[in-house]
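Note that these values count all heavy atoms, side chains included, but never hydrogens, waters or copies made by symmetry. These figures come from a predicted structure and were not determined experimentally.
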Amino acid sequence: MTAYKSIDDANNAIAQKIIAAQPRLVDVVRAKTVIPELSGQLILHAGPPIAFKDMPEPVQGSAIGAVLFEGWATDEAAARKLCEKVQFAPNHHFRTVAPMGGILTGNMPVFVVENATDGNRAYTTIHEGEGKVLRYGVYDQSVADNLVWLRDVLGPAFSNALRLLPGGGLPLNPILAQAVAMGDDFHVRNTAASSLMFRELAPKLVQAAPPQKDLQTLLDFLSGNNEFFLTLAMAAGKATLDAAATIEEGSVVTCLTRNGREFGIRVSGLGDRWFTGPSGTPVGLYFPGFSGEDANPDMGDSAITETAGLGAFAMAGAPAIVQFVGGTPADALAYTRRMYEITLGESEAYRLPTLDFRGTPTGIDVRLVLQTGILPQINTGIAHKKPGIGQIGAGLVNPPMACFEGAGRTLAAELARADRGARAGA
């Protein structure tokens, strides 16, 4: 017996869950304190399930770096050998998201984001900055030192500062709403949101009174990291979509994610099942000296932003990013307008001045994707296919239609089975 009279009724309830979500940053902790399974040698990764041997080289590099960071091995060869034995699992299985390689282990710090509307929580890694970073597969000592600093200096300072805010946390929707009107899309551009968050937290960081040398380093790091808010936007999306997924009916996409080999989606009425297809390589603009031949297929959990109605779905409000991903401001407007054709509603919080303050398209419906042939649009950074080189450009990519076709067939079979059961019981 279903809780809703029709799939449309279920979808409407899901859309309302998404629109009503109120994510807030409430803490920064070691991952294993909120994900007990990470107390052992479990490594989480971005995208749908994948074995270490099948991971692209940048993700393997991230995993090797995580093993070295945790002290499970003392050199690269031993770390690689251990990676061939330990258990890997998707971040999404543990209410978590992370960009690019998306690797997470127990002693790494995570943001804790709570959806105040439903009480559920989501977790994400802290944006490491640019240059040599774990998410692109770098695993030298400087990367480990930065992770230790994020955990032991930034983490406690943030945690103490958040407790000084009214209600003991930082509401994220007001920042998201302001920043989307200031040209952020939260996937490729987070400049406004990072600055707005800095404005909210900097006085409390000073008030929390960490040692002076730590405070100066912390403020310098935050003021110089334009993309710092990225993972917070991702966790806000994850907390929002996880609440929506508690309605176990309907045809709304609750997850878009990539592991560098496969693209995976999940759908509200189909539980935790994955529907996958080959991950595409973004088409866009490359930094000098690089080309499409250097690019890795798309990877990372960051497409949770598009799933929640941001990212490329909000490009109409962020036309400046075409300088990074290619195209024209008119193209940015067109991408957002097309997404209204495959979504159920519009955000009440995230409004686009360039579209007469229309809300961003929200709630991807598998049925509408199949009916229209329009695939969700994603904008994203492009990673080099070799570990340690990092971002080499930015561009646009779509999920493979196979993901939606598989979900559509399964959803149709489930609905037919439910209908037969209802007739039999009549």
Side-chain angles (χ1 to χ4, degrees), residues 18-19 21 23 25 99 113 124 127 129-130 170-202 221-237 240 256 282-287 300 302-340 343 346-362 376-382 391 393-397:
I18 296 171
I19 291 168
L25 174 62
V113 172
T124 188
H127 194 279
E130 303 302 333
L170 178 65
L172 298 180
N173 264 2
I175 293 176
L176 290 161
Q178 274 188 277
V180 80
M182 296 168 69
D184 279 359
D185 73 301
F186 311 104
H187 197 160
V188 172
R189 188 183 192 274
N190 286 274
T191 305
S194 298
S195 298
L196 291 167
M197 189 214 64
F198 182 80
R199 186 184 70 179
E200 293 290 332
L201 276 184
F221 173 78
L222 293 173
S223 64
N225 188 350
N226 286 336
E227 293 304 307
F228 186 78
F229 196 82
L230 168 65
T231 59
L232 286 169
M234 291 169 58
T240 296
L256 296 169
V283 176
L285 301 179
Y286 287 87
F287 300 159
S302 52
I304 194 71
T305 54
E306 278 84 3
T307 323
L310 297 169
F313 284 48
M315 273 185 72
I321 68 173
V322 299
Q323 298 174 86
F324 304 104
V325 302
T328 67
D331 293 329
L333 291 166
Y335 291 136
T336 295
R337 289 190 175 112
R338 279 171 64 82
M339 295 304 96
Y340 288 113
T343 49
E346 300 178 14
S347 173
E348 295 179 0
Y350 317 141
R351 296 188 176 276
L352 302 168
T354 52
L355 295 180
D356 294 326
F357 291 95
R358 191 175 181 183
T360 62
T362 301
Q377 189 67 62
I378 296 166
N379 56 25
T380 183
I382 304 173
Q391 185 174 355
L396 298 163
V397 71

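The shortest heavy-atom contact between Tyr340 and Gly359 is OH-O, 2.6 Å. Annotation for Ala314 and Val180: closest pair CB-CG2, 4.2 Å, computed over non-hydrogen atoms. Pairing each heavy atom of Ala303 with each of Ile378, the nearest pair is CB-CD1, 4.0 Å. Closest heavy-atom contact between Gly381 and Gln391: CA-NE2, 3.7 Å. Nearest heavy atoms, Ala308 versus Gly237: CB-CA, 3.9 Å.
In this structure, Leu256 CG and Ile304 CD1 are separated by 7.0 Å, a value rounded to the nearest 0.5 Å. Rounding to the nearest 0.5 angstrom, the gap separating the CZ atom in Phe313 from the CD atom in Glu306 is 6.5 Å. Separation of atoms CG (Leu201) and CG (Leu196) is listed at 11.5 Å; rounding is to 0.5 Å. Summarising the geometry, atom CZ belonging to Arg189 is positioned 12.5 Å from atom CE belonging to Met315; distances are rounded to the nearest 0.5 Å. Note that the CD1 atom of Ile175 and the CG atom of Asn190 stand 11.0 Å from one another [nearest 0.5 Å].
Ala202 pairs by the side chain to side chain contact (heavy atoms under 4.5 Å, CB included) definition with Phe198, Leu219, not counting sequence neighbours. Considering only residues two or more places apart in sequence or on other chains, Pro171 meets the side chain to side chain contact (heavy atoms under 4.5 Å, CB included) condition with Pro174. Under the side chain to side chain contact (heavy atoms under 4.5 Å, CB included) criterion, Ser302 pairs with His187, Met234, Arg258, not counting sequence neighbours. Residues forming a salt bridge (Lys or Arg N to Asp or Glu O under 4.0 Å) with Asp185 (at least two apart in sequence, or on another chain): none. With sequence neighbours left out, Ser195 forms a side chain to side chain contact (heavy atoms under 4.5 Å, CB included) with no residue at all. Asn173 is linked by a side-chain hydrogen bond (donor to acceptor under 3.5 Å, both in side chains) to Tyr350, counting only residues two or more places apart in sequence or in another chain.
Distance alone, capped at 3.5 Å, is enough to place a donor-acceptor pair between the Thr362 side chain and the Thr360 backbone. No donor-acceptor pair under 3.5 Å is formed between the side chain of Thr343 and the backbone N or O of Pro361.
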Contacts under 3.5 angstrom, residues 320-330 side chains, donor-acceptor by atom type, not counting sequence neighbours:
from, atom 1, to, atom 2, distance (Å)
Gln323, NE2, Ala320, O, 3.0
Thr328, OG1, Ala330, N, 3.4
Thr328, OG1, Asp331, N, 3.2
Thr328, OG1, Asp331, OD2, 3.2

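No side-chain heavy atom of Phe229 sits less than 4.5 Å from a side-chain heavy atom of Asp184.
Applying side chain to side chain contact (heavy atoms under 4.5 Å, CB included) to Asn379 and the options Val397, Thr305, Val188 leaves one that passes, Val188. Partner of Leu232 under the side chain to side chain contact (heavy atoms under 4.5 Å, CB included) criterion, chosen from Val113, Leu176, Leu170: Val113.
For residues 349-359, the set of pairs meeting the salt bridge (Lys or Arg N to Asp or Glu O under 4.0 Å) definition, not counting sequence neighbours, comprises Glu346-Arg358. Among pairs with a residue in residues 190-201, none fulfils salt bridge (Lys or Arg N to Asp or Glu O under 4.0 Å), at least two apart in sequence or across chains.
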